[in-house]
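Worksheet: one structure, shown below.
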Amino acid sequence: MKNTITTKDGVEIFYKDWGSGQPIVFSHGWPLSADDWDAQMMFFLQHGFRVIAHDRRGHGRSSQTADGHDMDHYAADLAALTEALDLHDAVHIGHSTGGGEVARYVARHGQKRTAKLVLVSAVPPIMLKTANNPDGLPIEVFDGLRKASLDNRAQFFLDVPTGPFYGFNRANAKVSQGIIQNWWRQGMMGGAKAHYDCIKAFSETDFTDDLKQISQPALVLHGDDDQIVPYKDAGVLSAKLLKNATLKIYPGYPHGMLTTHPDVLNADILAFIKA
């Protein structure tokens, strides 16, 4: 059995679907895949949940399509998956770019199917510095990411996890070569075009209106040493825009804290789901 669905525009989306019970759906960050959720999927599977994670279009094992690498398509793809699997009372958990995908999905497609949502180190409301978002990151930051992905994607995809993503560039960091190599492996499985286009999607999309429309209970988690998505302009603002949000900031935790501190994060998410 091949675990894929085909979207209206002909894109094959790969997914994993394990267990039974209340569904938890995971949306991964850039430029990774469903594999980034291993520590969460195993944990929640063992706690009696049905766990589902997909590879975003152009990422992992999904089609390396040329087009549709924007938040509207990502959210529509997630909607197609939840409809194909007929999921109800679902908990949606999004990390980084996946947090944006979850916010747009719930706001535009998933109000009736979603019970709760969790945004972890997530990109909303908007990363880019604009007149309305003066504390955002300047466009030059994202232009630099684009240039690095064009110049030498393979080296860039080693530099990111070796340095800022997991905080491995900090003094006294407990560096794991396995984690670095797994990040690289996931990244290099995906398409160069998808990864290039996704930088615009995660940095320039404004999720303010999406967040305002969401009434479901939301848990917003962010590390205060996130070197990829600075927490004050992301998690803190998102929690204010959501109608029913709980915000938790972790001192010293990095962007990839789901991987570096799964025991802490998994327990906090479980408590929120069961509350």
Side-chain angles (χ1 to χ4, degrees), residues 1-18 23-38 40-41 50-87 90 92-110 113 122-123 142 145-146 148-154 156-158 160-161 165 181-205 207 210:
M1 186 176 89
K2 198 174 183 206
N3 277 11
T4 60
I5 60 153
T6 302
T7 65
K8 285 177 186 153
D9 59 339
V11 178
E12 264 199 1
I13 301 292
F14 170 89
Y15 67 94
K16 307 177 198 186
D17 181 0
W18 305 339
I24 303 179
V25 186
F26 299 92
S27 292
H28 65 77
W30 174 94
L32 303 170
S33 74
D35 296 353
D36 203 45
W37 293 104
D38 285 354
Q40 283 68 47
M41 289 184 71
R50 177 182 178 185
V51 292
I52 299 152
H54 64 292
D55 291 352
R56 186 170 296 120
R57 63 168 58 206
H59 295 61
R61 290 138 295 204
S62 292
S63 299
Q64 289 199 12
T65 174
D67 303 311
H69 307 296
D70 56 73
M71 281 295 163
D72 287 351
H73 278 88
Y74 298 160
D77 293 348
L78 181 52
L81 178 65
T82 59
E83 286 160 23
L85 299 179
D86 196 27
L87 303 180
H92 281 272
I93 304 180
H95 175 247
S96 196
T97 300
E101 178 181 293
V102 165
R104 181 139 297 178
Y105 161 75
V106 174
R108 301 210 178 164
H109 306 276
R113 293 178 180 270
V123 298
F142 305 107
L145 298 180
R146 277 184 278 266
S149 76
L150 286 178
D151 289 351
N152 189 341
R153 187 171 67 127
F156 180 43
F157 283 5
L158 273 180
V160 174
F165 199 92
Q181 289 173 23
N182 192 39
W183 201 100
W184 184 89
R185 175 193 68 83
Q186 291 179 71
M188 294 307 292
M189 283 170 70
K193 175 75 161 56
H195 291 160
Y196 184 89
D197 291 353
C198 186
I199 294 168
K200 181 181 177 74
F202 74 63
S203 62
E204 297 183 35
T205 306
F207 299 97
D210 300 300

[X] to [Y] - nearest heavy-atom pair and separation:
X: A103; Y: F207; result: CB-CD2, 4.5 Å
X: L158; Y: W184; result: CG-CD1, 3.6 Å
X: D55; Y: A34; result: OD1-N, 2.8 Å
X: L87; Y: P23; result: CD2-CB, 4.1 Å
X: A122; Y: G99; result: CB-CA, 3.8 Å
X: A84; Y: I5; result: CB-CG2, 3.8 Å

Quiz item: What about the rings of F156 and W183, do their centers lie closer together than 6.0 Å?
Solution: no
With distance as the sole test, does [X] use its side chain to make a donor-acceptor pair with the main-chain N or O of [Y] at under 3.5 Å?
X: T97; Y: F202; value: no
X: S63; Y: T65; value: no
X: D17; Y: I52; value: no
X: D210; Y: A107; value: no

To the nearest 0.5 Å, tell me how far [X] [atom1] sits from [Y] [atom2].
X: H195; Y: M188; atom1: NE2; atom2: CE; answer: 9.0 Å
X: E83; Y: L78; atom1: CD; atom2: CG; answer: 9.5 Å
X: I199; Y: F142; atom1: CD1; atom2: CZ; answer: 9.5 Å
X: L145; Y: Y196; atom1: CG; atom2: OH; answer: 11.0 Å
X: L81; Y: N3; atom1: CG; atom2: CG; answer: 10.0 Å
X: D35; Y: M41; atom1: CG; atom2: CE; answer: 9.0 Å

Self-check item: Y105 and T82 side chains, donor-acceptor separation under 3.5 Å
Solution: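 Yes, because at least one side-chain N or O of T82 sits under 3.5 Å from a partner of the opposite role on Y105.
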Practice problem: Assess whether side-chain contact (heavy atoms from CB on, under 4.5 Å) is satisfied between I93 and S27, documenting all intermediate values. | Solution: CA-CA 6 Å; I93 304 180; S27 292; over 6 Å; no
Self-check item: Partner of T7 by side chain to side chain contact (heavy atoms under 4.5 Å, CB included), out of E12, H73, R57
Solution: R57
Practice problem: Among R56, R185, Q186, find the residue that satisfies the side-chain hydrogen bond (donor to acceptor under 3.5 Å, both in side chains) test when tested with S33. | Solution: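 With S33 as partner, R56, R185, Q186 yield a single side-chain hydrogen bond (donor to acceptor under 3.5 Å, both in side chains), made by Q186.
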Practice problem: Indicate the ring-plane relationship of H59 and H28, choosing parallel, tilted or perpendicular according to the 30° and 60° boundaries. | Solution: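 Taking H28 first and then H59, their aromatic rings sit tilted (interplane angle of 30° to 60°).
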Self-check item: Criterion side-chain hydrogen bond (donor to acceptor under 3.5 Å, both in side chains) on H54 and E101, from CA distance to verdict
Solution: CA-CA 12 Å; H54 64 292; E101 178 181 293; 3.0 Å; yes
So do the side chains of [X] and [Y] get within less than 4.5 Å of each other, counting heavy atoms only?
X: I24; Y: Q40; value: no
X: Q64; Y: K193; value: no
X: K16; Y: W37; value: no

Self-check item: Step-by-step side-chain contact (heavy atoms from CB on, under 4.5 Å) determination, R61 to T4
Solution: CA-CA 9 Å; R61 290 138 295 204; T4 60; over 6 Å; no
Exercise. Would you verify whether the NZ or CZ of R104 falls within 45 degrees of the ring axis of Y74 while also being under 6.0 Å from that six-membered ring's centre?
Key: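 Geometry flag: not set, cation outside 6.0 Å or 45°.
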